[in-house]
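The block underneath contains the structure these notes are about, expressed in structure tokens.
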Amino acid sequence: MSFFEILEKNGWYFFTTLLSGWPATLMVAAGALVFALVFGLIIALMRISTWKLVRWPSTAYVEFFRGTPALVQLFVIYFGFPDWGYQPTPIQAAVIGLGMNGAAYISEIYRAGIESIHRGQTEAALSLGMTPASAMQHIILPQAIRTMLPPMTNFAIVLLKDTAIVFAVGVLEVMALARQLVTETLTSAPIYLMAGAMYLCVTIPMARIAARLERQRQAWH
Amino acid sequence: MLDLPEIYTENIHRWLPELLYYSLTTLKIAFFSFLLAVVFGVLIALCRISHKRVIRTLAVCSIEVARGLPIVVVLYIVYFVPPQLFPGLDWSWFDDFTGAVLGLGIHGGAILAEVFRSGIEALHKGQREAALSLGMTPAKAMTHIILPQATRIVLPPVGNYAIGLLKDTSLCTLIGVNEIMNGAKSIAFSDYQPMAVFVLVAAIYFVMSYPLSLLVRAMERRMRVAH
């Protein structure tokens, strides 16, 4: 059977099956994004601390997680954590793994954003009697968000693409279902191409949004 | 509770040589796909700044597609799809290693194309005009004036790409290449020590990638000073 005959006969079945993997893909991406946003902020604040004992572990964390592949981190969590008495479900492992990995990257975005705000702003806030925490919360971060938004959007795209590896720890997302379909029907070309097209339908519009945000940011300056 | 130091002292003399042997394949994939990505990257970047609209559009499309796809999907498409689309040809030479190098190379080409283009565009247009007005051909202006200067600008981002590539080779295990992750999986599950083995693998990746990232950071610092 030729490529198009297969597509005509099974195309709809392929499409609906692959589509049913999207909830898991989006759930992992969203969960990991929230995890990374919260944890990344903590890491970033630790990294700009004046206290060496706080700065050092956060630097080590960022260096280590950026220096090793996400797949290895996922394997450590999914296959390794049971050795410590905790067996995560595939989705939990994926969210924790990609979230911890993402926190390392996102903390650098936070840090660059915070450092883009002039030091005088903090000093002014402190001299007005604000605590360092409330200066960060009310003065620095609200302004830094503008700078951080475009790279954050880009990061969200990267994260969404990274979810394509979590089938390796057993999450039933798009790629997992694509592989199942291939074993089931013994045809691979239309299935993988269709899965790829589905990713493009999400990532290309997101990239457009990121590019627009970046243009707006530059217009502000 | 897991006593990692004890596990390592007992097993490392068996695990480390085996994992290092597998990591040679990892380095080989990274090396060849890097070369391929540079070649593709230059070609696509030149198409991207071409005066012919069709060529430019094709280049933009290929960049958008390759950058929008997860690398795993690129690997799966490059490795599994062509033999099925053209079953009449002889595909016996197309093994998982070749597929991995080709897939990572194509994906990297799209990323590097944008890096190269921004490097070329960072140079003042006057440079090219001056070269042309001195009677150089456009090709000569490119190879003698633009590229030598652009190379310096693009070195740090290319280095960052190389670090990413080294880590991305771990995905080749998913199409069955016998690299370090594959070796680690077989050791981890035959010895029932997943935690210890995968942490060791992470350490090996770190030892490979960290010197590169220090080098890139040194280059970035020098660039900042130069400007």
Side-chain angles (χ1 to χ4, degrees), chain A residues 1-3 6 25 63-85 101 154 157-168 174-175 178-179 182 186-208, chain B residues 1-2 4 7 26 61 64-87 163-164 166-174 180-181 184-185 188-189 192-214:
Chain A
M1 259 198 298
S2 83
F3 177 79
I6 297 172
T25 290
E63 296 287 0
F64 186 76
F65 274 83
R66 299 210 316 172
T68 55
L71 192 62
V72 183
Q73 294 156 16
L74 278 177
F75 278 13
V76 167
I77 290 166
Y78 187 66
F79 299 116
F81 277 15
D83 286 357
W84 282 347
N101 180 267
N154 278 323
I157 301 171
V158 171
L159 191 58
L160 186 84
K161 290 192 287 175
D162 279 349
T163 60
I165 65 171
V166 300
F167 72 80
V174 182
M175 277 311 277
R179 283 162 49 106
V182 171
L186 298 177
T187 51
S188 58
I191 297 170
Y192 289 138
L193 288 175
M194 196 182 269
M198 283 177 154
Y199 277 105
L200 288 181
C201 288
V202 183
T203 53
I204 289 184
M206 277 172 85
R208 285 282 143 77
Chain B
M1 195 64 195
L2 204 62
L4 280 180
I7 293 170
T26 292
C61 288
E64 293 262 312
V65 168
R67 298 214 312 176
L69 285 176
I71 300 177
V72 191
V73 179
V74 176
L75 284 175
Y76 270 80
I77 288 177
V78 169
Y79 181 50
F80 291 113
V81 171
Q84 215 172 32
L85 279 188
F86 309 101
I163 298 167
L166 187 66
K167 291 185 287 168
D168 287 339
T169 57
S170 64
L171 303 176
C172 300
T173 182
L174 301 174
I180 185 166
M181 285 299 285
K185 269 190 283 188
F189 299 127
Y192 301 107
Q193 293 291 1
M195 187 61 154
V197 173
F198 288 127
V199 168
L200 184 62
V201 171
I204 293 174
Y205 272 111
F206 188 73
V207 169
M208 292 194 288
S209 74
Y210 195 58
L212 261 177
S213 73
L214 289 182

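Lettering follows sequence order; numbering is per chain, from 1. Just so it is clear, the model here is predicted, and its values are computed rather than measured.
Shown here for Gly196(A) and Leu69(B), the closest heavy-atom pair between the two residues is O-CD2, 3.2 Å. When all heavy atoms of Ser188(A) and Gln84(B) are compared, the closest pair comes out as N-OE1, 2.5 Å. Between Ala164(A) and Val72(B) the shortest heavy-atom distance is O-CG2, 4.1 Å.
Both the backbone and the side chain of Val65(B) come within contact range of chain A, judged by heavy atoms closer than 4.5 Å. Within the 4.5 angstrom heavy-atom criterion, atoms from both the backbone and the side chain of Glu63(A) approach chain B. With a threshold of 4.5 angstrom between heavy atoms, Thr173(B) approaches chain A through side-chain atoms but not through N, CA, C or O. Proximity to chain B involves both the backbone and the side chain of Leu193(A), based on heavy atoms less than 4.5 angstrom apart. With a 4.5 angstrom heavy-atom cutoff, Thr163(A) does not touch chain B via any of its atoms. For Leu74(A), no part lies under 4.5 angstrom from a heavy atom of chain B.
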Handout entry: Test side-chain contact (heavy atoms from CB on, under 4.5 Å) applied to Lys185(B) and Phe79(A), step by step
Key = CA-CA 10 Å; Lys185(B) 269 190 283 188; Phe79(A) 299 116; 5.7 Å; no
Exercise for the section: Assess whether side-chain contact (heavy atoms from CB on, under 4.5 Å) is satisfied between Ile71(B) and Lys161(A), documenting all intermediate values. Expected result: CA-CA 8 Å; Ile71(B) 300 177; Lys161(A) 290 192 287 175; over 6 Å; no
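The line from CZ of Arg179(A) to CZ of Phe80(B) is 7.5 Å long, rounded to the nearest 0.5 Å. A distance of 11.5 Å separates CG of Leu75(B) from OH of Tyr192(A), quoted to the nearest 0.5 Å. For the atom pair CD1 of Ile77(A) and CZ of Phe198(B), the computed distance is 12.5 Å after rounding to the nearest 0.5 Å.
Atom CZ of Phe86(B) is surrounded by 12 or fewer heavy atoms from other residues, nucleotides or ligands within 6.0 Å.
Using cut-offs of 30° and 60° on the angle between ring planes, the pair Phe64(A) and Phe206(B) is tilted.
Panel note: side chain Lys167(B), backbone Leu71(A); no donor-acceptor pair is recorded below 3.5 Å.
Between chain A and the residues Asp168(B), Leu174(B), Val201(B), Val199(B), the largest count of heavy-atom pairs under 4.5 Å involves Leu174(B). Ranked by heavy-atom pairs shorter than 4.5 Å toward chain A, the options Arg67(B), Met181(B), Met208(B) are led by Met181(B).
If you run side chain to side chain contact (heavy atoms under 4.5 Å, CB included) between Glu64(B) and each of Leu200(A), Ile204(A), Thr203(A), only Ile204(A) comes through.
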